[in-house]
Amino acid sequence: MNDFVRLPYKIYAGNSCYVPDLELDVRGTFNPSRNPGLEFSSIAAFVAYDESHQPVGRIAGIVNRKANATWKVKTVRFAFIEMIDDIEVTRLLLDAVAQWGRQQGMTEIQGPMGISDFDKEGMLVDDFDIEGSAIAIYNPAYYPRHLEALGYAKAVDWVSVRVKVPPTLPARFAKAASMVTRLYGLRVRKLTGREIIKGGYGHKIFHLLNEAYKPLYGFSEFSEEQIDYFVKKFMPLVDYKRMMPVVTDKKGDLVGVAITMCSLSHALKKAGGRLLPLGWFHLLRALKGRHSDMADLLLVAVRPDYQGLGVNALFFADLVKVYNQMGIKVAQTGPQLETNVKELSQWKLFDPQYVCRRRCYCKKI
């Protein structure tokens with residue numbers, strides 16, 4: 001496991017665009033006591049070695065039984081794939097996962113994908129010169145070339161949207177925000193820590209995600225155990241007093257949520273994947289908005305019965321003002337499905353750049 005965790009330092013030595021994962025999180029993925037997704041998933045880690053016994057590649061295989069039942073497929077996923085520029089190493093890694101999957105009755109391999117939508121997914125296929133993100137995969141240009149040469153085909157693509165934060169909200173969004181407030185009695189508010197933990201809003205947010213993300217490619221519903229874990233792990237990291245607006249209806253029921261944070265890319269690079277001795281310090285400063293003029297838009301979710309009614313305009317109305325107060329100049333989404341036209345089209349008034357295309361590959365086994 002040490003070789004598995006530390007191999008990226010060899011692969012990305014001298015690459016200023018790479019943003020490392022926290023080693024603690026990588027190890028935790030394989031630990032049932034730290035990853036509740038393993039209650040309905042199987043996972044295996046593989047490392048490739050050269051003749052001198054040096055690690056030259058790694059990969060994880062995942063069988064998500066819940067997702068397979070939901071989508072009526074027999075798919076083994078691959079994740080955490082890293083390798084030197086040698087296609088035979090790539091072949092060995094993928095074949096190892098394919099063989100492991102066949103032993104469990106799987107008929108197709110796909111990836112990179114994790115257990116849940118909170119795991120990184122999609123192999124970068126362009127914009128290799130753009131700095132990576134804490135919430136998305138970065139890889140060298142030869143990775144997709146290897147997969148395509150080995151007969152892997154595109155299943156779906158995601159793109160990220162990068163926008164400059166305007167000094168004021170565009171008039172069209174201001175009008176839409178006013179209209180949905182007036183017509184539906186919706187309002188934007190910020191939650192307190194007590195409301196999130198003891199008031200149940202943390203769980204309500206994830207139940208909303210289950211509703212909103214149900215149709216998205218490969219999604220499997222968060223279990224109550226996963227929700228408990230995510231609320232405890234992620235909510236304390238979010239600046240919910242400023243950067244996590246929620247929308248509620250007249251009865252106070254949750255209609256939508258936008259979870260954003262200051263970019264952690266610079267802090268994670270300084271931490272070098274480790275919290276000790278000083279990694280925690282760099283991450284804490286980043287979470288407080290120090291030394292970053294970029295925001296990561298982690299996710300935006302709206303209850304299905306309110307989708308398409310202009311709820312997102314309320315998020316923009318709040319966040320544009322907050323970002324200007326914080327000195328944030330640029331905001332970038334996580335990977336968005338290219339087929340999610342409604343989600344992508346809402347950014348048009350912000351003069352968006354569509355960057356960092358990432359691809360899920362698949363192949364029959």
Side-chain angles (χ1 to χ4, degrees), residues 19 67 71 77 79 110-114 116-128 130-139 144 154-165 170 173 176 205-206 208-220 222 234 238 243-245 247 256-265 294-304 306-316 319-320 323 328 330-362:
V19 176
W71 296 95
R77 301 177 174 188
Q110 69 174 189
M113 292 189 73
S116 81
D117 264 34
F118 268 31
D119 296 321
K120 295 180 180 182
E121 53 194 9
M123 182 173 286
L124 190 67
V125 296
D126 61 18
D127 290 329
F128 302 102
I130 293 179
E131 183 180 56
S133 161
I135 59 174
I137 290 172
Y138 178 86
N139 54 260
K154 170 185 171 180
V156 69
D157 279 5
W158 296 267
V159 294
S160 292
V161 184
R162 176 177 287 190
V163 298
K164 292 181 180 179
V165 178
F173 282 113
I205 286 170
F206 281 93
L208 173 64
L209 297 182
N210 277 340
E211 288 185 73
Y213 290 175
K214 187 176 182 179
L216 299 184
Y217 180 82
F219 180 74
S220 62
F222 298 118
F234 293 116
V238 178
M243 302 183 73
M244 194 184 83
V247 173
V257 60
I259 302 180
T260 80
M261 64 168 51
C262 292
S263 173
L264 300 181
S265 296
M294 184 171 179
D296 284 332
L297 307 178
L298 305 185
L299 60 87
V300 177
V302 177
R303 216 169 69 191
Y306 277 93
Q307 290 176 4
L309 299 181
V311 175
N312 284 350
L314 293 173
F315 295 135
F316 294 142
L319 289 172
V320 166
Y323 288 168
I328 291 173
V330 178
Q332 182 169 310
T333 72
Q336 310 277 302
L337 278 169
E338 64 174 356
T339 54
N340 195 345
V341 178
K342 285 185 179 179
E343 180 70 21
L344 294 175
S345 63
Q346 69 179 331
W347 301 101
K348 287 182 178 178
L349 291 181
F350 290 98
D351 190 23
Q353 288 180 280
Y354 298 96
V355 299
C356 299
R357 180 174 293 270
R358 292 178 172 87
R359 181 163 297 166
C360 176
Y361 286 95
C362 64

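- Heavy-atom minimum distance, Cys262 versus Ile328: SG-CD1, 4.1 Å.
- For Phe315 against Val247, the heavy-atom pair with the smallest separation is CE2-CG2, 3.5 Å.
- The heavy-atom pair separating Ile137 from Leu124 by the smallest distance is O-CB, 4.2 Å.
- Under the ring-ring contact (aromatic ring centres under 6.0 Å, His included) criterion, Trp347 pairs with Phe316, not counting sequence neighbours.
- Residues Val159 and Thr333 approach most closely at O-OG1, 4.5 Å, considering heavy atoms.
- Shown here are the side chain to side chain contact (heavy atoms under 4.5 Å, CB included) partners of Gln332, two or more places apart in sequence or in another chain: Ser160, Arg162, Met294, Val355.
- Under the rule for a side chain to side chain donor-acceptor pair (under 3.5 Å), the partners of Ser263 that lie at least two apart in sequence or sit in another chain are Ser265.
- Checked against ring-ring contact (aromatic ring centres under 6.0 Å, His included), Phe234 has the following partners two or more places apart in sequence or in another chain: Phe118, Phe230.
- Atom-to-atom distance recorded for Ile259:CD1 and Ile205:CD1 is 5.5 Å, nearest 0.5 angstrom.
- Partners of Ile135 under the side chain to side chain contact (heavy atoms under 4.5 Å, CB included) rule, at least two apart in sequence or in another chain, are Ser133, Asp296, Leu298.
- Taken from CG in Leu299 to CD in Gln336, the straight-line distance is 9.5 Å, to the nearest 0.5 Å.
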Please evaluate residues Cys360 and Trp158 with respect to the criterion side-chain contact (heavy atoms from CB on, under 4.5 Å), reporting the C-alpha separation (whole Å), side-chain torsions for both, the decisive distance (0.1 Å), and the verdict. CA-CA 8 Å; Cys360 176; Trp158 296 267; 3.6 Å; yes

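- Looking only at side-chain heavy atoms (C-beta outward), Pro245 and Leu319 come within less than 4.5 Å of each other.
- With sequence neighbours excluded, no residue satisfies side chain to side chain donor-acceptor pair (under 3.5 Å) with Ser116.
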I would like to know whether Phe128 and Asn139 meet side-chain contact (heavy atoms from CB on, under 4.5 Å); could you show each step before the answer? CA-CA 7 Å; Phe128 302 102; Asn139 54 260; 4.0 Å; yes

Hey, can you pull the donor-acceptor pairs under 3.5 Å for the side chains in residues 210-219, sequence neighbours left out?
| residue | atom | partner | partner atom | Å |
| --- | --- | --- | --- | --- |
| Asn210 | OD1 | Phe222 | N | 2.8 |
| Asn210 | ND2 | Phe222 | O | 3.2 |
| Tyr213 | OH | Val300 | O | 3.2 |
| Tyr217 | OH | Gln110 | NE2 | 2.8 |

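- For the pair Thr260/Tyr323, a side-chain contact is recorded, criterion being any heavy-atom separation below 4.5 Å from C-beta on.
- Shown here for Met123 and Pro112, the closest heavy-atom pair between the two residues is N-CD, 3.5 Å.
- Residues Val257 and Met244 come closest through the heavy atom pair CG2-CG, 4.2 Å.
- To the nearest 0.5 Å, the span separating SG on Cys356 from CD on Glu131 amounts to 10.5 Å.
- For Asp157, the side chain to side chain contact (heavy atoms under 4.5 Å, CB included) partners are Lys154, Glu338, Arg357, Arg359, not counting sequence neighbours.
- Take Tyr138 and apply the ring-ring contact (aromatic ring centres under 6.0 Å, His included) test, not counting sequence neighbours, and it matches no residue.
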